[in-house]
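Report on one structure; see the data block that follows.
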Number of protein chains: 2
Amino acid sequence: MSAGTAPFPAPHRRNLALEAVQSLREQIISGALAPGSALAEPTLARQFGVSRAPVREALIELEREGLVQFETTGRTRVRTLTEADFREIMEARVALESMAASRAAQHWGAEDSAYLMENIAAQSQAPTLSELSRLDVELHAHIMERSGNQRLLRLWQSIRWQFEMCLALTHRVQKALECTPRDITVNSHRRLLQALASGKPELAARTMASHIENSMEWSASETSTSEHPLGLAMETFLRR
Amino acid sequence: MSAGTAPFPAPHRRNLALEAVQSLREQIISGALAPGSALAEPTLARQFGVSRAPVREALIELEREGLVQFETTGRTRVRTLTEADFREIMEARVALESMAASRAAQHWGAEDSAYLMENIAAQSQAPTLSELSRLDVELHAHIMERSGNQRLLRLWQSIRWQFEMCLALTHRVQKALECTPRDITVNSHRRLLQALASGKPELAARTMASHIENSMEWSASETSTSEHPLGLAMETFLRR
DNA sequence: CTTGGTAAAACTGTCGACACTTGTATCATG
DNA sequence: CATGATACAAGTGTCGACAGTTTTACCAAG
């Protein structure tokens, strides 16, 4: 709520386009639209019962979110994420979220602590993997909002869905909840909350960075090349 | 050149749209299109001699770059940047560029040092303010590219033009080259180069952060509220 | 001279159409 | 049976049009 910055009102443009974005995003992340699938405007337009114009805008938005890819011919495909992509995303998250944590620690309030505590409690009882990571992402979204920096928030939002796609990909390999050491995650979030509530920007930033880095430690699989699609790479990793 | 990440090929989409983006961007940054100006699709389409479709895509891109704002009615205006916006942008730059510097320091090569040295030399002899800041931005762009992280680069590019708009706004107030302590800037860039070439990620990141923070030190004008458009605020600042 | 209301102008969101390009299936040929 | 040319289907980039809504211009009334 930092005064002075016009709150970047969520562009009210794109009405039918927005619905298409949400539907396609969900399908891509859930895997219903597999990586590499072609996304043709006329086909999608027929599916949604709209004309090509809104579909076209939706595809532009999804490209911006990194979920689809334009080829030089103009064709659109669902993006295939590799392990290297995953590392890039996590690195970008560290950059954005550390800064956000640092600023959030300066405005931190009791309500914020309460929100995080509630979220963490829910995580420790989440029945499914997707529920667990939904809560996880929401916790981080809250911190980004509390940074008070609309730009930071916007930048983060533009990689958020790629991150969720990575999460979903690994979930499809892990499947069972037991694979995720939930206690470790919960403890890490508790430390993060402590750092934020301490009001020390430096500490908050450092804690956030190591929180994110730890959360991806399993990805240290170090296959020969990192160009494998994420799903496959994870399978080979878990099979060892 | 980190292998494994599809190099986010500059979307080949938007052909007429791309021209419109470049033209409008230039006009907005140069001030030919003043902050607050209305950008109506039919008008722009007539001006560019194209239909509304490419213009519409261009406006979406400019909104994403933060140069333009959609109102709830769907109308589009040139964004008015305030001092608070400027601080947000610099904070986001610190987040992204510190991380990039850290990674760039790990891949740093002699060619990179050579490029920076040449750039810095050119800066010390730049004849105009806009030439000086063009070089400045290009130096930072080079570092972002050398981070090897396509996502970091892309995020940076999506605030780059807002930053350039801020620079141009202050330039219009400063006007004369003498107002900018050029030696300080050049020295700061030399220290930055040294840190990058040292190969120490931590040092590079810290140096980048303080470089950016120092470069905006003059903005510590601290007017009563920070909601003033940047140009006006700068005028009142310099008038004291 | 201000104010309130109405008519005209302009703009946005969306649609269907067309030219040109790309991908694909078919078919004749070596 | 492989191969290369060829016709066909499908897709992209762009355009003009229309309905509904917002803004502006204008005029009457206080």
Side-chain angles (χ1 to χ4, degrees), chain A residues 6 8-25 27-28 32-80, chain B residues 6 8-25 27-28 32-80:
Chain A
F8 251 126
H12 230 304
R13 226 162 209 204
R14 293 170 280 169
N15 237 336
L16 293 185
L18 187 57
E19 290 177 41
V21 165
Q22 289 167 341
S23 169
L24 287 172
R25 194 156 55 198
Q27 291 182 60
I28 291 173
L33 281 169
S37 309
L39 296 176
E41 291 172 9
T43 311
L44 296 175
R46 273 191 300 275
Q47 274 174 23
F48 290 116
V50 301
S51 83
R52 276 179 54 209
V55 169
R56 199 175 163 80
E57 290 190 11
L59 291 179
I60 291 176
E61 170 65 17
L62 291 171
E63 196 278 338
R64 161 185 143 76
E65 293 177 4
L67 297 185
V68 307
Q69 206 169 198
F70 293 148
E71 301 178 350
T72 49
T73 59
R75 303 254 140 100
T76 310
R77 321 191 80 89
V78 177
R79 191 134 204 265
T80 302
Chain B
F8 253 125
H12 227 305
R13 223 158 211 206
R14 292 170 281 167
N15 237 336
L16 292 185
L18 187 57
E19 291 177 42
V21 166
Q22 289 168 341
S23 169
L24 286 172
R25 193 156 56 196
Q27 290 182 60
I28 292 173
L33 281 169
S37 309
L39 296 177
E41 290 171 12
T43 311
L44 296 175
R46 273 191 300 275
Q47 273 174 23
F48 289 117
V50 300
S51 84
R52 277 179 54 209
V55 169
R56 200 175 163 80
E57 290 191 11
L59 290 179
I60 292 177
E61 170 64 18
L62 290 170
E63 197 276 340
R64 160 185 143 77
E65 293 177 4
L67 297 186
V68 137
Q69 206 169 198
F70 293 149
E71 302 178 349
T72 49
T73 59
R75 303 264 140 105
T76 310
R77 322 191 79 90
V78 177
R79 191 135 203 265
T80 302

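All values derive from a computational prediction rather than experimental measurement. Letters A, B, ... are given to chains in the order of the sequence lines, protein chains preceding strands, and every chain is numbered from 1.
A 4.5 Å side-chain heavy-atom check between B:L59 and B:L44 finds at least one atom pair inside the cut-off.
To the nearest 0.5 Å, the span separating CD on A:E65 from CZ on A:R25 amounts to 4.5 Å. With rounding to the nearest 0.5 angstrom, the CZ atom of B:R56 is 4.5 Å from the CD atom of A:E57. To the nearest 0.5 angstrom, B:I28 atom CD1 is 12.0 Å from B:R79 atom CZ.
Rounded to an integer number of Å, the gap from A:R77 CZ to D:dG11 P is 12 Å. Atom CG in A:L16 sits about 11 Å away from atom P in C:dG13, given to the nearest Å. Rounded to a whole Å, the CZ atom of A:F70 is 16 Å from the P atom of D:dG11. One can place CZ of B:F48 at 13 Å from P of D:dC15, the figure rounded to the nearest angstrom. The distance between atom CG of B:N15 and atom C1' of D:dT12, rounded to the nearest whole Å, is 11 Å.
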Under the side-chain contact (heavy atoms from CB on, under 4.5 Å) rule, what do A:L62 and A:V21 come out as? Steps first, then yes or no, please. CA-CA 7 Å; A:L62 291 171; A:V21 165; 4.2 Å; yes
Let me check something: any side-chain donor-acceptor pairs from residues 47-54 of chain B under 3.5 Å, sequence neighbours excluded? List them with distances.
unit_1 : atom_1 : unit_2 : atom_2 : d
B:S51  : OG     : B:A53  : N      : 3.3
B:R52  : NE     : B:E41  : OE1    : 3.0
B:R52  : NH2    : B:E41  : OE1    : 2.9

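Remark: B:L39, B:A40, B:E41, B:P42, B:T43 in residues 37-47 of chain B come within less than 4.0 Å of DNA chain C through at least one heavy atom. At a non-hydrogen distance threshold of 4.0 Å, A:R52, A:R56 from residues 50-60 of chain A come into contact with DNA chain D.
The two residues A:A58 and A:A17 have their closest heavy-atom pair at CB-O, 3.7 Å. Nearest heavy atoms, A:G36 versus A:T80: N-OG1, 3.8 Å.
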